[in-house]
Amino acid sequence: MPPKKRTRSKSTKHADADAQHCEGSDDVAQLKTGKRNRSAAVTSDVEKNKNDDAIKSSYSHWLMKSEPESRIENGVDVKFGIEDLKTLPSQTGCWDGVRNYQARNFMRDMKVGQQAFFYHSNCKEPGIAGLMKIVKEAYVDHTQFDKKDVHYDPSSKADNPKWSMVDVQFERMTKRFIPLTELKKYHLQHKAKGGPLKDMALFTRARLSVQPLTAEEFDFVLSLENEDPI
């Protein structure tokens, strides 16, 4: 389906798989294990939140996945690659359809002017195709209320919407396509010997369709466009 003006239908296997994990699911699981475990879980959650807050400030760049090849879902083609973004008015569109809470929260942390890699996923050769920037910070994703949209969520209410989206604008293609296979090689090297990609979310939080990058991670990956593939 051709992208709509400033809108797009987006769905990836990464996003769909993670959508099964909803807010509070960990807490529900802990309720079955007894009072002592619940207390431990609360303590663990508090520490995790502190850690998340501590590292949030280090996230200034992003990696956002979308599908460049046709795939029919509920009768709708959810294809949307970087070339589709380029064809939109002002080369700008809304990043809708995210149905994972962690990915949504990352979008809510985004600031105008921050850069993101456009990552082609669920295709013959996944990888980074280009760059875009955030031009509008998180606001309500209207597709959650559209019964005709593949991302309709009947559990989301207008007075308390669950899902958000941001607007992104095409910046440029990378000088060369940077495939997942190459990034994985660097990740394994850096994990073994130290390096910028040792903790890259693409491998530690692989199922997320919206992922954070530190400036160090972003700069290293971008530098690869000037290097020969390994």
Side-chain angles (χ1 to χ4, degrees), residues 1-20 62-100 102-104 106-107 110 115-136 138-154 156 162-184 201-202 205-211 213 221 225:
M1 180 179 71
K4 303 173 186 176
K5 182 178 179 181
R6 292 180 61 77
T7 65
R8 62 184 205 98
S9 292
K10 173 184 173 293
S11 176
T12 68
K13 284 189 176 179
H14 302 280
D16 291 345
D18 272 358
Q20 298 172 13
W62 310 92
L63 183 148
M64 302 170 76
K65 298 178 180 179
S66 190
E67 299 184 24
E69 298 175 1
S70 290
R71 182 172 67 82
I72 305 301
E73 184 176 334
N74 297 333
V76 177
D77 191 347
V78 296
K79 170 187 178 294
F80 189 84
I82 195 167
E83 294 292 344
D84 296 304
L85 177 61
K86 288 173 65 177
T87 64
L88 294 180
S90 302
Q91 298 184 315
T92 300
C94 60
W95 202 267
D96 61 42
V98 172
R99 295 297 181 267
N100 170 273
Q102 191 173 21
R104 177 207 66 184
F106 282 136
M107 287 199 298
M110 292 176 177
Q115 290 180 302
F117 287 126
F118 196 120
Y119 182 95
H120 283 171
S121 69
N122 193 26
C123 55
K124 293 178 181 177
E125 187 174 32
I128 292 170
L131 294 103
M132 54 190 179
K133 64 181 178 181
I134 310 304
V135 293
K136 184 175 180 179
Y139 61 103
V140 175
D141 179 350
H142 62 272
T143 64
Q144 64 194 300
F145 306 122
D146 185 353
K147 293 182 179 180
K148 296 181 180 179
D149 195 276
V150 295
H151 301 108
Y152 171 62
D153 183 355
S156 186
K162 288 183 178 181
W163 307 111
S164 302
M165 60 185 180
V166 296
D167 283 0
V168 298
Q169 185 176 54
F170 172 82
E171 283 199 322
R172 68 175 178 87
M173 305 294 288
T174 46
K175 295 177 183 177
R176 68 176 179 89
F177 184 79
I178 304 173
L180 173 63
T181 51
E182 181 177 348
L183 292 171
K184 187 173 183 179
L202 186 60
R205 306 183 190 187
R207 297 170 69 187
L208 286 177
S209 64
V210 177
Q211 303 177 357
L213 293 170
V221 172
E225 69 176 352

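- W62 CH2 to M110 CE: the interatomic distance, rounded to the nearest 0.5 Å, is 5.5 Å.
- Residues F117 and I178 fail the side-chain proximity criterion, which asks for heavy atoms closer than 4.5 Å.
- When every heavy atom of C94 is checked against every heavy atom of H142, the shortest pair comes out as SG-CE1, 4.3 Å.
- Between the E225 side chain and the K175 main chain, a donor and an acceptor come within less than 3.5 Å of each other.
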Given the rule in the side-chain contact (heavy atoms from CB on, under 4.5 Å) test, do K133 and V135 qualify, once you have shown the distances and angles that lead to the verdict? CA-CA 6 Å; K133 64 181 178 181; V135 293; 4.0 Å; yes
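- In this structure a side-chain-to-backbone donor-acceptor pair under 3.5 Å is present from Q144 to K162.
- H120 places a side-chain N or O within 3.5 Å of a backbone atom of I82 that can act as its donor or acceptor partner.
- Residues passing the ring-ring contact (aromatic ring centres under 6.0 Å, His included) test with F106, sequence neighbours excluded: none.
- K136 NZ to Q169 CD: the interatomic distance, rounded to the nearest 0.5 Å, is 14.0 Å.
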Are L202 and K65 close enough, and set up right, to give a side-chain contact (heavy atoms from CB on, under 4.5 Å), and what steps lead you there? CA-CA 10 Å; L202 186 60; K65 298 178 180 179; 3.8 Å; yes
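- Partner of R99 under the salt bridge (Lys or Arg N to Asp or Glu O under 4.0 Å) criterion, out of D149, D153, D141: D141 alone.
- To the nearest 0.5 Å, the span separating CZ on F145 from CH2 on W163 amounts to 11.5 Å.
- Between the E69 side chain and the K124 main chain, a donor and an acceptor come within less than 3.5 Å of each other.
- We find the CG-CZ distance between N100 and R205 to be 11.0 Å, quoted to the nearest 0.5 Å.
- Within the 4.5 Å cutoff, side-chain heavy atoms of K86 are placed close to those of Q91.
- Taking every heavy atom of both residues into account, Y119 and L63 meet most closely at CB-CD2, 3.7 Å.
- If you check the side chains of T92 and D167, you find no donor sitting under 3.5 Å from an acceptor.
- The distance from the CG atom of L131 to the CD atom of Q115 is 6.0 Å, given to the nearest 0.5 Å.
- Interatomic distance, OG of S121 versus CE of M64, reported as 12.0 Å (0.5 Å rounding).
- A pairwise comparison of heavy atoms in W95 and V210 identifies NE1-CG2, 4.2 Å as the closest pair.
- Counting only heavy atoms from C-beta outward, the side chains of Y139 and M165 approach each other to under 4.5 Å.
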